[in-house]
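Note: hydrogens, waters and symmetry copies are ignored here, and every other heavy atom, side chains too, is used. This is a predicted model, so every value here is computed, not measured. Proteins come first, then strands; the chains are lettered A, B, ... in the order of their sequence lines, and each starts at number 1.
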Amino acid sequence: MRPGHPEALQQPYDPRRVESRWYDAWEAAGVFRPGEGGGRPFVVSIPPPNVTGSLTMGHLLGESTRDLVLRWQRMEGRETLYVPGQDHAGIATQNVVEKKLREEGRSRHDLGRDGFLAEVWAWREQYGGLILKQLRRVGASADWSRERFTLDPAYSRAVLLVFQRLYDKGLIYRGRYVVNWCPRCHTALSDEEVEHVETEGSLWYVRYPVKDSNDSVVVATTRPETMLGDTGVAVHPKDRRYAKLVGSSAVLPLVRREIPIVADDMVDPKFGTGAVKVTPAHDPNDFQTGRRHGLPELIVMDPHGVMNENASDFRGLDRFEARRRIVEALRDAGYLEKVEPHTHAVGHCSRCDTVIEPYLSWQWFVKMAPLAAPALEAARRGKVKFFPARWKKVYVNWLEGIRDWCISRQLWWGHRIPVWYRGDEVRVSLEPPAGEGWTQDEDVLDTWFSSWLWPFAILGWPEDTEDLKRFYPNSLMVTGSDIIFFWVARMVMAGIEFTGQVPFQHVYFTSILRDAQGRKMSKSLGNSPDPIEMMDRYGADAVRFTLTYLTPVGQDLLFDEKRLETGKFFANKIWNAARLVQMRLGDEDLSAVRESQLRLTLADRWILSRLAHAIKDVTRNLKTYRFSEAANTIYHFAWNEYCDWYLEMAKSRWTEAEGELPSSDRIADRRTARWVAWKVLDGILRMLHPFMPFVTEEIWQALPHDGDTLATAAWPKARKAWFDPDAEREVAFLQGVVVAVRNLRAENNIAPGRKVPVVLRGDVAQLDLLEQLAPQIVPLARIEPLTLARDGGRPRVAASAVVEGAEVFLPLEGLIDLDAERERLVREMAKLDSDLEATRKKLRNQDFLTKARVDVVDREKQRLSQLEETLDKLRRAQESLRAVEA
RNA sequence: GGGCGAUUAGCUCAGCUGGUAGAGCACUUGCUCGACAAGCAAGGGGUCACUGGUUCAAGUCCAGUAUCGCCCACCA
């Protein structure tokens, strides 16, 4: 599979050229569709974005995460399915189209219901679904043949059927209650769609005279305009202050209506004056109180929040204007006792931010408690698991205190409620009932009333489809914690209710992205970078990788565009490493090399061992949803171990010296070095593919490979034979020596290009090892010549360092800066001294010696002797330098 | 009013099962040695918010305090 592919990897890496190539190729090859085989499925679905939506950085994080898991699972051999789709998003979409109409000087009422709906569908046709196109850019491996929309005919049927079933079961009812009303969207909302904002308001104390008496009662209110709808005053039954007034009537100021004074437990005697005005039609509590005492329910506003005919002189005023006027009138008439500043939570419409008005109206509700019980049980018994786990508590708390769900919306865009009326008759059915004179309920259903069916409705429920049998329940849900109530909890409830199973086993909550100031990224704040622009500038791979790399589990992320360089540079690094390997591979078919033909050197054994560790760690971290850890592991393995050390060590093995006639040993060694370099790179590409699908595929295709595409290649396995603690220890020693030499060179200002003589001292084992490693060490540290002081002699004048007891000398009489070297030694020794003191202290502690684990004590003892030895050697180095001066 | 999270290098953050702190960026010094200057090498920089406790040993476990943030909540 090489769509329009150049022969060699070009420099520099250009994500735009490479990324555009692969998505269509994968799709055409059917990579994104589950196979027909009987493999174990792995299923995810998109949290359906609004048709009005466009990609945000938040989506990008979700997609990166979802696709990461999906691609990994695909490589693990699972039959993966990712169902994409969209949500009709009732209010949001209707708002957008209404706004457009308004700009054209029209309103939905001009068009009528059908005309308006045609307008919305047309809008959707033209502008909707942008986000799904953008998903391709990210690389999301979605199965587009299964794309769903919540207003698809089949999906709609499922929604209406669910309504009918719940109605038949007695779990849906119609009632007249005080609900959250948005005067701008002109519809009822659920409790979850209301955002409470702490607001500094006032508490007005208003005196209500008592009828036929000189007495009066003072009530406190935050919403004086609702007093016009007062039909009672309530006090606590045990409140002695007011006991004598209970049973008499108050006279409502301004309108002089007589309203009863009642006793009710709901009243908190300690708040305000202990007397509450009761407005049953405009407050949910008052509504309950009113019902208990048979108080009239008087509505004083219209659906737009404008005072209505029951508001006497204030009729026609907007509710906030009415508030000002009423306060004024009360003050003028001497009824206003006092005003106190008061902070309280004011509900706002989550869609348009308008202040919510509690409003008495006929609505449809779902009785939630019976649905919540099994959903709670499922979480408690671990049938649904949350990552991070702490969300379980949030979920449980919400379900335990769940309230009935208001599902009717006074909108047109959505699933129209399948209820028909004729006189007093009510029918619930998907089709219009037979006979004349039936009219359908005008309202539509809450968008979430369709979304909660998503995991099974997308698979064809209620039909018993093949997809449903095969891909339900889903495996994983990746989403934001902000919709845990709206969506996640409800899906669990619906899943259990309608399919008898939880809809997914695991829920992974992504981080919330914030800007540099810590504010949530949002459209209205305009603080979210444009994801498409980010991908243009850094590449989709880079954005995917960086977001994953940066995002610790369950923590918010302060996002700064500059961070995307991490991923961009990493992609470039991998790209260049691949170029190096490709250039040096020769024409040998490495995939045909048998491992028995290999002669692994220490460096080879080391990098294979490191690879095995990396594979093991990455796999484990993916399994436990520790994605940033997994990304970190690959990053450091690829960059710091493979590129910085292994490739550097291998370079000398795959080029021959000038005029050299390669022996068969050299040929075998070269083949081994090439094979290992390729094999490890191949492992890196496989591990990295779920994070950076495009660049890894491009490279993989340019290198020897088996199979058509990396996307379906096998996830690497950590071979037991590769784990090699000896090689790791020995290479660590080598690295120590090389770093020491480099350090001495740098400290003594020796030009990097200049070769330096180095003398190494140590015990026999160390010298044997160093001899073996010499061909690696020499080029890495630019040494000429390297002397192993088997005779034990030490240079007279030298810069020196100690590595695991072995001594490294740069015998550079006349070249080294003696003063600088002395200072360096003093610094070094001071540090050792303090380490030594800490270790000694520990080992003097009897408790430590007797109570700590043996291996810990041993390690301390070893540390002590090593520190002492090192210090001793440095001291001798110091002495010999002193001798030079003398 | 409840619940949750955070507090570690100048900045943004890692640190999973307790054993004397890591990354990236930024900073300093030096590098056109044919993969990579989107790079290489070397280096400086931290009383891990505070106070107690458990432990031989605490950034890591427990309790409390402070500050910041988020979610939930019908005191009008």
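For A/T221 (side chain) and A/R223 (main-chain N/O), a donor-acceptor pair under 3.5 Å exists by modelled atom type.
Counting any heavy atom pair closer than 4.0 Å across all strands shown, A/E198 reaches a base atom. Looking at heavy-atom distances under 4.0 Å, A/K651 makes contact with a base. Within 4.0 Å (heavy atoms only), A/F570 reaches no atom of the nucleic acid at all. At a threshold of 4.0 angstrom between heavy atoms, the contacts of A/V219 with the nucleic acid are absent. No contact: A/D482 has no heavy atom under 4.0 Å from any strand. Within 4.0 Å (heavy atoms only), A/F559 reaches no atom of the nucleic acid at all. When heavy atoms are screened at a 4.0 angstrom cut-off, A/E629 is found touching the sugar-phosphate backbone but no base atom. Among the protein residues, A/R859 comes within range of the sugar-phosphate backbone only, with heavy atoms under 4.0 Å from sugar or phosphate atoms but none that close to a base. The residue A/S481 sits apart from the nucleic acid: no heavy atom pair falls under 4.0 Å. If you check every strand for non-hydrogen atoms under 4.0 Å, A/E400 touches nothing. At the heavy-atom level, A/H342 lies under 4.0 Å from the strands shown only through sugar-phosphate atoms. Within the nucleic acid shown, A/K277 has no heavy atom closer than 4.0 Å to any nucleic acid atom. A/D560 comes within 4.0 angstrom of no nucleic acid atom, judged by non-hydrogen atoms across all strands. A/W204 comes within contact range of no nucleotide atom at all, as no heavy-atom separation falls under 4.0 Å.
Spacing between atom CG of A/L580 and atom P of B/G39 amounts to 16 Å, rounded to whole angstrom units. Rounded to an integer number of Å, the gap from CZ of A/F627 to C1' of B/G15 is 19 Å. Atom-to-atom, NZ of A/K393 to C1' of B/A73 comes out at 16 Å; the value is rounded to the nearest Å.
When the nucleotides B/C74, B/G43, B/A35 are ranked by their closest atom to the side chain of A/R403, B/C74 comes out on top. Listed nucleotides: B/C72, B/U20, B/A35. Nearest to the side chain of A/R863: B/U20. If you check B/G5, B/C36, B/C71 against the side chain of A/R390, the one that comes closest is B/G5. Of the listed nucleotides (B/C36, B/G30, B/C16), B/C16 has the atom at the smallest distance from the side chain of A/N621.
If you take OH on A/Y508 and OH on A/Y625, they are separated by 10.0 Å, rounding to the nearest 0.5 Å.
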